[in-house]
Amino acid sequence: MKQKVNIILMILIFGIGQAQEVTSISKSEVLSKVQEHNTSIKISEESFNEAKGDFRQTNAIFLPNISVSHTGISTTNPLMAFGSKLNQEILTQNDFSPALLNDPDQTQNFATRIAVQQPLINLDGFYQRKAANSKMKAMELQSERTKDYMNFEVENAYMQLQLAYKAVDVLEKALSAAQANLELANNSFKQGYLHRSDVLSVEVRVGEVKNQLQVAKSNVKNASNYLSFLMNESSETIYRPSDSLTVSVMNSELVSGIENRADVKAMELASDARASMYKADKMTFLPTLNAFASYELYDDQIFQADANGYLFGAELKWNILEGTKRFGKAQKAKATYEKSKLEYNQYVSKSQLEISKTKRALEDAYNKLALAQLAVEQSKEALRIRTNRFGEGLEKTTDLLMAETMYAQKQLEYYQTIFQYNSTKAYLQFLTK
């Protein structure tokens, strides 16, 4: 039974190992796949298509509305029976008999009707079309901004993966050093140079590094899963970056003004759309002019056309008063427009504030880089000296352990600072793109 359990465990472990394949990937590959498959980008594109569909609906203010219908009835209604025969052009002298007029026989009528309605002057429709056009352009810019944001997310996520692998590399080296010191401590203990408590302290240090290494490996999986999510791919793959985490030089040419940002332009267009809707609501107080025409075919047999007629004309319509509905609607549209202007100004001010804050954060991260690198070099030299002295029995175990911990910590802090600087730089470029 125990052998069966062991076999099952081995199969499970092997299966998990097979599922978690490691694949090397470059940032350009991730960017390409995200632009092609990312769900958020597809959603933004469909939102643009929705707005485009709304705009196409406004073509109705220029194009005619054409309909065709075929209607069949049977009636003994005096008025309908007489009118049907009149339309069919089959009235005779006998049909004017009072008895037949008051109590007609069942009459059948089949009518084919082709109707055309052509808008001529609808000022509210023109402004509604203008608003729909502004909204469509705004959604196009929002879709573009979504792509910019996903590029920033890729930059950040890819650097997270690089940082995770750097942490694994640092902790693997720290574990090797700790295990070497543990072996040295055991030898010293056997020779009577160290107490058992010193050996136990080194063993505790080895256990701590192992735990930290396990967390770092989990972070690699987490970063890989997020990259898979961005690319809309399976989360079973563990990715390895094809290049290492290094300081990315700031290119000032990539930083432009906020006025060119797609989302700012989109908000401006959204405000323009609300202004057009306000004008459209005001135009409902004016009359509208529409033309209409119809051509009709009549017979007492289905799909026949022994008689026909046509009708055309124009209608000038002016709704003088609809209670206070139109006044309230115009008031609401005006308030919505004024609100959109305030929201636009607030958004621009907040964006400029965020840019100033990010610039200061980038400067702080840059200054921190030099200090972090110096701390790594100093802690490395301190560890080398203490390791040599420990091997000669001239250094305390606690001092060696502190030096080991400090060196690993300073390395991790240095790479974290690189990540912070690069991420802040990417965010600044996103804010000003």
Side-chain angles (χ1 to χ4, degrees), residues 27-63 65 119 122 124-158 226-233 254 256-281 283 332-333 336-352 354-355 426-433:
K27 185 167 63 177
S28 60
E29 289 179 282
V30 179
L31 286 169
S32 176
K33 290 183 178 181
V34 166
Q35 291 295 324
E36 185 176 357
H37 302 295
N38 181 261
T39 304
S40 296
I41 291 178
K42 290 182 178 180
I43 291 173
S44 69
E45 290 173 347
E46 292 306 321
S47 296
F48 165 69
N49 289 333
E50 284 181 348
K52 188 176 181 180
D54 289 338
F55 175 68
R56 292 189 65 182
Q57 291 182 48
T58 62
N59 290 337
I61 67 172
F62 302 115
L63 302 178
N65 182 15
N122 294 275
D124 58 332
F126 288 113
Y127 284 105
Q128 288 172 355
R129 177 177 174 83
K130 187 176 180 181
N133 186 38
S134 295
K135 180 183 176 182
M136 179 183 68
K137 292 179 179 178
M139 293 308 300
E140 185 177 16
L141 290 171
Q142 285 288 12
S143 178
E144 180 183 332
R145 188 60 176 171
T146 300
K147 293 178 181 178
D148 292 339
Y149 176 73
M150 295 316 302
N151 285 343
F152 166 69
E153 278 290 285
V154 168
E155 291 273 356
N156 225 29
Y158 194 78
Y226 187 58
L227 279 180
S228 297
F229 167 75
L230 292 177
M231 294 184 291
N232 198 21
E233 294 184 350
L254 298 178
S256 58
I258 190 175
E259 65 277 358
N260 295 320
R261 261 173 45 177
D263 57 331
V264 174
K265 290 182 179 179
M267 284 203 70
E268 186 177 5
L269 284 171
S271 181
D272 292 342
R274 290 180 174 90
S276 297
M277 287 303 299
Y278 172 49
K279 292 178 181 178
D281 287 333
M283 291 299 106
K332 179 182 177 181
T336 303
Y337 169 53
E338 295 297 335
K339 177 184 173 183
S340 69
K341 290 196 297 184
L342 293 172
E343 288 175 340
Y344 171 76
N345 292 331
Q346 183 187 49
Y347 189 78
V348 171
S349 298
K350 188 176 180 180
S351 298
Q352 290 173 338
E354 187 68 14
I355 289 174
Y427 185 49
L428 179 60
Q429 290 177 342
F430 167 71
L431 290 176
T432 56
K433 185 174 182 180

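- Contact detail for K135 and A51: the closest heavy-atom pair is O-CB, 4.2 Å.
- Residues Y344 and V264 have side chains in contact (heavy-atom distance under 4.5 Å, counting atoms from C-beta outward).
- Residues passing the side chain to side chain donor-acceptor pair (under 3.5 Å) test with Q346: none are found, sequence neighbours excluded.
- Considering only residues two or more places apart in sequence or on other chains, E153 meets the side chain to side chain contact (heavy atoms under 4.5 Å, CB included) condition with Y149, M150, Y226, L230.
- For N345, there are no side chain to side chain donor-acceptor pair (under 3.5 Å) partners, not counting sequence neighbours.
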Below 3.5 Å, can you tabulate the donor-acceptor pairs from side chains in residues 268-281 to any protein atom, sequence neighbours excluded?
residue : atom : partner : partner atom : Å
S271    : OG   : S340    : OG           : 3.2
R274    : NH1  : A270    : O            : 3.4
S276    : OG   : D272    : O            : 3.2

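- A salt bridge is defined here as a Lys NZ or Arg NE, NH1 or NH2 lying under 4.0 Å from an Asp or Glu carboxylate O, and K341 with E338 meets this definition.
- Partners of S28 under the side chain to side chain donor-acceptor pair (under 3.5 Å) rule, at least two apart in sequence or in another chain, are S26.
- Within a 6.0 Å sphere centred on OH of Y127, other residues, nucleotides and ligands contribute 12 heavy atoms or fewer.
- There is a side-chain donor-acceptor pair under 3.5 Å between N151 and Q35.
- In terms of heavy atoms, R261 sits closest to L431 at CD-O, 2.6 Å.
- In terms of heavy atoms, Y427 sits closest to E354 at OH-OE2, 3.0 Å.
- The 12-atom threshold is exceeded at CZ of F62, counting heavy atoms of other residues, nucleotides or ligands nearer than 6.0 Å.
- For the pair F430 and R145, the tightest heavy-atom approach, listed with the atom from each and the gap, is O-NH2, 2.8 Å.
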**OP:** Evaluate the criterion salt bridge (Lys or Arg N to Asp or Glu O under 4.0 Å) for residue pair K42 and E45; output intermediate values, then yes/no.
**Re:** CA-CA 5 Å; K42 290 182 178 180; E45 290 173 347; over 6 Å; no
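- Closest non-hydrogen pair, T146 versus S44, comes out as OG1-CB, 3.8 Å.
- Legend: residues meeting side chain to side chain donor-acceptor pair (under 3.5 Å) with N156, ordered by chain and number and at least two apart, are S423.
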